[in-house]
Amino acid sequence: MKTTKFHLQTRKETPADAEIISHQLMIRTGMVSQLGSGLYNWTPLGLKVLRKIEKIVREEMDKAGCLEMIMPTIQPSSLWEETGRWDKYGDLLLKIKDRAGRDFCFGPTHEEVITDFARKEIKSYKQLPITFYQVQTKFRDEIRPRFGVMRAREFLMKDAYSFHLSTDCLKKTYAKIHQAYCNIFERIGLTYRPVEADSGEIGGTGSHEFHVLADSGEDAIAYSTGSDYAANVEKCEVLAPTKQRKEAIAELTVIDTPNKKSIADVANFLSVSPKKLVKTLLVEGVDFPVALVLRGDHELNEIKAANLKQVASPFTMLDDEQIKMIAKCDAGSIGVKDLDCYIIIDRAVEIMSDFITGANQDDKHLTGVNWDRDAKFNQVADLRNAQAGDPSPDGKGKIKIARGIEVGHIFQLGDTYTDSMNAVVLNEQGKSQHMTMGCYGIGVSRVVAAAIEQNHDDKGIVWPQQIAPFTVVILPMNMAKSERVKQVANNLYSDLTKLGVEVIMDDRKIRPGVMFADAELLGIPHQITIGDRALDEGEVEYKSRKEMQNVRIKLDEIVNHITSLL
RNA sequence: CGGGGUAUAGCGCAGCCUGGUAGCGCAACUGCUUUGGGAGCAGUGGGUCGGGAGUUCGAAUCUCUCUACCCCGACCA
């Protein structure tokens, strides 16, 4: 491709409403342009990247034995009424009517459609297991679309649905697709983690999210340095400390802490580490308020707390008035001594001794507090978020925390849909049996943004080679004046093109600075500069986008040099 | 949906308070010069100032209203 024949519209300035780097760079390179809230055009440049990801996804899905099909984007309401999701899916569903006034929605996902297809097509256990997939545009009327294509309303998704007779069989396919997903992100060239996820409302036994690691990620991921273990921080169990509680030495003492309410305030005031402090949080319980007790430097995990049977769901903190009734003081001075409610302490708190806590009296704290001697608790539980340095729950290595962007999610659905839609097959005994299902999604358009979040520098995008819009960029210096440069550039262009290398040559009549800037903004992995200066010595210049180091290469070796890098 | 903001040329913005029917930078186009890191000079094109209504002799500017977009929260590939 030559730039003059391509639609290349880069811009120097970043649009004001592009928040995150991937959105900014996608707009500046001209990969996408916005049509409306959460609606984007994919330009020829952007589409090249999207297609490359799709191709890898298709190849790996096919390899895993999945079968591609296309389903309508517009779906009749009747299917959604069968599963109850016409109402339950809520405002995310874009509902529309046809000319006859019949209700439809623009598909946000295709469980209903595929289950309907399966119940009509699959009649015998002999046809199972089977997995269908689609790579299609979906529409979710998100409450707040943002970050460009990262959370768009209309987006490209690969969705796969598997059907089985047994849970064992489902688990096998699930594992196979788990592997396929690893292959996909591996091939795309991203640093990623499969992460244990909450299967939540959809139910079923197993669920993994696939996260691309990037500082701007919206989710915190806890992963082990010593094994493959990874989980959403919210889900990551924190093991009980192996240390024993030390003997109580200090005397219980009441101290004045005027206006010191937060852990940080009190720790500073007393010149001690927050680790010596204990914080007490009062929350609504099922029938009586519950106190949750954590070490000063730890963070409450609301999901873990809400899962405890004494704690009310949804998780709710008591308000100031309620706190006053129970603790007889403001939130800043609650303590465990003589606190009249059910007390659940974190595993880390159990082994603390001589600690500091609120005195249940405004502007006062207690030091030298010890369990049994000074205060009692009812229960020990895992209450806090995992932190870097915690031991991994599987006993191997330590936890590190990274931020991730969720680009894939796989579920063992079970029979939720086949049940409500009555999708049955005859089993080996000739009896009707509901099929069991799995579903497996990848946000293809989101992967593009995630790849940029993970691979950029101050000059622009640094594409992983497998998904770069072009593999090589040729930059002829002053081609309009130098016939020699022009000829060498054109020859190199056609040599590489013949070898199947995707080349873009900047044949615009522009100054070199603009060329370099654009090539770097676009993030083409391999850059070849052709100028009279090097040609005088029979050479051209090569620069890798990642390394940004210029290397002189003999003209007759450049093609081999490039192909050796691919 | 709740809270906050913005809307003026393709992009980024000024003008609005204190009405007199638009301007800057970048981009685009033409010419000359320049030519290894986002060039210089000269010139050109492009806006019913988000829509509608009102006040006024006169509205980008004041008032009302609608719409769109963005940010913060819950949700998700």
Side-chain angles (χ1 to χ4, degrees), chain A residues 8-20 23-24 27-28 30 33-39 53 57 89-93 107-110 134-160 181 184 197-198 200-202 207-212 218-219 302 314 404-411 439-450 459-460 475-482 485 506 508-521 527 529-536 540-541 543 548 550:
Chain A
L8 193 63
Q9 279 298 82
T10 58
R11 56 194 76 203
K12 261 190 249 183
E13 279 164 308
T14 305
D17 52 12
E19 278 281 299
I20 58 170
H23 188 196
Q24 294 172 359
I27 299 283
R28 286 191 53 206
S33 75
Q34 184 172 18
L35 180 65
S37 180
L39 304 172
I53 293 170
V57 168
Y89 212 90
D91 292 330
L92 276 180
L93 259 193
T109 178
H110 283 69
Q134 51 161 186
V135 183
Q136 285 180 245
T137 288
K138 310 219 170 186
F139 189 96
R140 293 182 191 169
D141 199 354
E142 294 282 349
I143 297 164
R144 187 145 94 83
R146 59 180 140 173
F147 302 149
V149 301
M150 190 75 89
R151 186 183 285 113
R153 292 198 292 177
E154 188 168 327
F155 59 100
L156 188 67
M157 182 163 168
K158 188 285 303 175
D159 237 346
Y181 273 36
I184 287 167
D198 207 5
E201 307 131 39
I202 301 180
S207 174
H208 286 84
E209 292 169 356
F210 284 76
H211 283 261
V212 168
E218 291 187 272
D219 300 294
E302 293 189 11
I405 299 165
E406 187 187 349
V407 290
H409 201 157
I410 59 180
F411 297 90
C439 82
Y440 319 90
I442 289 181
V444 178
S445 43
R446 180 180 280 184
V447 170
V448 178
K459 301 211 184 299
L475 303 179
M477 296 294 101
N478 208 3
M479 190 167 75
K481 282 270 174 66
S482 169
V485 167
D506 201 340
R508 292 175 296 178
K509 205 177 154 188
I510 50 173
R511 299 171 66 87
V514 183
M515 278 190 189
F516 289 126
D518 271 351
E520 282 149 16
L521 178 64
Q527 188 185 102
T529 306
I530 297 170
D532 280 316
R533 219 190 259 172
L535 283 181
D536 284 343
V540 296
E541 286 155 75
K543 185 162 78 180
M548 293 294 274
N550 257 316

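Proteins come first, then strands; the chains are lettered A, B, ... in the order of their sequence lines, and each starts at number 1. As the structure is a prediction and not an experimental result, all values here were calculated from the model.
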Nearest-Å distance, [atom1] ([X]) to [atom2] ([N])?
X: A:I530; N: B:rU35; atom1: CD1; atom2: C1'; result: 17 Å
X: A:N478; N: B:rG37; atom1: CG; atom2: P; result: 12 Å
X: A:R144; N: B:rC76; atom1: CZ; atom2: P; result: 16 Å
X: A:E209; N: B:rC76; atom1: CD; atom2: P; result: 9 Å
X: A:L39; N: B:rA68; atom1: CG; atom2: P; result: 12 Å
X: A:L521; N: B:rC11; atom1: CG; atom2: P; result: 18 Å
X: A:F147; N: B:rC69; atom1: CZ; atom2: P; result: 17 Å
X: A:I405; N: B:rA77; atom1: CD1; atom2: C1'; result: 12 Å

Check your understanding: May A:F516 be described as stacking on the base of B:rG38, applying a 5.5 Å centroid limit and a 30° limit on plane angle?
Key -> no

Using purine N1 to pyrimidine N3 plus N6-O4 or O6-N4 for Watson-Crick, or N1-O2 and O6-N3 for G-U wobble, both under 3.5 Å, which nucleotide pairs with [N]?
N: B:rU63; answer: B:rA53
N: B:rC1; answer: B:rG73
N: B:rA39; answer: B:rU33
N: B:rC17; answer: none
N: B:rG45; answer: none
N: B:rA27; answer: none
N: B:rA22; answer: none

Minimum-distance nucleotide (side-chain atoms of [X] versus [options]):
X: A:L92; options: B:rU35, B:rC75, B:rG36; result: B:rC75
X: A:E218; options: B:rC75, B:rC71, B:rG12; result: B:rC75
X: A:R140; options: B:rC76, B:rC71, B:rA39; result: B:rC76
X: A:M477; options: B:rG36, B:rG10, B:rC72; result: B:rG36
X: A:R446; options: B:rG36, B:rU35, B:rA77; result: B:rA77
X: A:D17; options: B:rC76, B:rC70, B:rC11; result: B:rC70

Has the side chain of [X] got a donor or acceptor that lies under 3.5 Å from a partner of the other kind on the base of [N]?
X: A:R146; N: B:rC69; answer: no
X: A:K543; N: B:rG36; answer: no
X: A:D518; N: B:rG38; answer: yes
X: A:E13; N: B:rG10; answer: no
X: A:Q9; N: B:rG10; answer: no

Taking atom [atom1] in both [N] and [M], what distance in whole Å separates the two?
N: B:rC24; M: B:rG47; atom1: P; result: 16 Å
N: B:rU56; M: B:rA14; atom1: C1'; result: 26 Å
N: B:rG4; M: B:rG51; atom1: C1'; result: 23 Å
N: B:rC75; M: B:rA60; atom1: C1'; result: 39 Å
N: B:rU21; M: B:rA59; atom1: C1'; result: 8 Å
N: B:rC29; M: B:rG46; atom1: C1'; result: 11 Å
N: B:rC16; M: B:rC26; atom1: C1'; result: 24 Å
N: B:rC13; M: B:rA9; atom1: P; result: 12 Å

Study note, to complete from the structure: Assign each of A:Q34 and A:F210 the nucleotide of RNA chain B bearing its closest heavy atom; nearer the 5' end lies the nucleotide of A:Q34

Point to revise | Closest-nucleotide 5' rank along RNA chain B - winner of A:P15 and A:E142 | key: A:P15

Please report the interatomic distance [atom1]([X]) to [atom2]([Y]), rounded to the nearest 0.5 Å.
X: A:Q527; Y: A:M548; atom1: CD; atom2: CE; answer: 7.0 Å
X: A:C439; Y: A:D159; atom1: SG; atom2: CG; answer: 6.0 Å
X: A:R140; Y: A:L92; atom1: CZ; atom2: CG; answer: 7.5 Å
X: A:K543; Y: A:T529; atom1: NZ; atom2: OG1; answer: 6.5 Å
X: A:I27; Y: A:D17; atom1: CD1; atom2: CG; answer: 7.5 Å

Are [X] and [N] close enough that a side-chain N or O sits under 4.0 Å from OP1 or OP2?
X: A:K12; N: B:rA27; result: yes
X: A:S37; N: B:rC70; result: yes
X: A:R11; N: B:rC11; result: no

Please confirm whether the backbone N or O of [Y] pairs with a side-chain atom of [X], one donor and one acceptor, at under 3.5 Å?
X: A:T10; Y: A:D518; answer: no
X: A:R446; Y: A:M150; answer: yes
X: A:R28; Y: A:R11; answer: yes

So [X], base contact, sugar-phosphate only, or nothing? Heavy-atom distance under 4.0 Å.
X: A:K481; result: base
X: A:G441; result: nothing
X: A:E520; result: base
X: A:V514; result: base
X: A:T14; result: sugar-phosphate
X: A:A152; result: base

Exercise for review: Please check if the distance between the ring centroids of A:H409 and A:F411 is under 6.0 Å.
Suggested key: yes

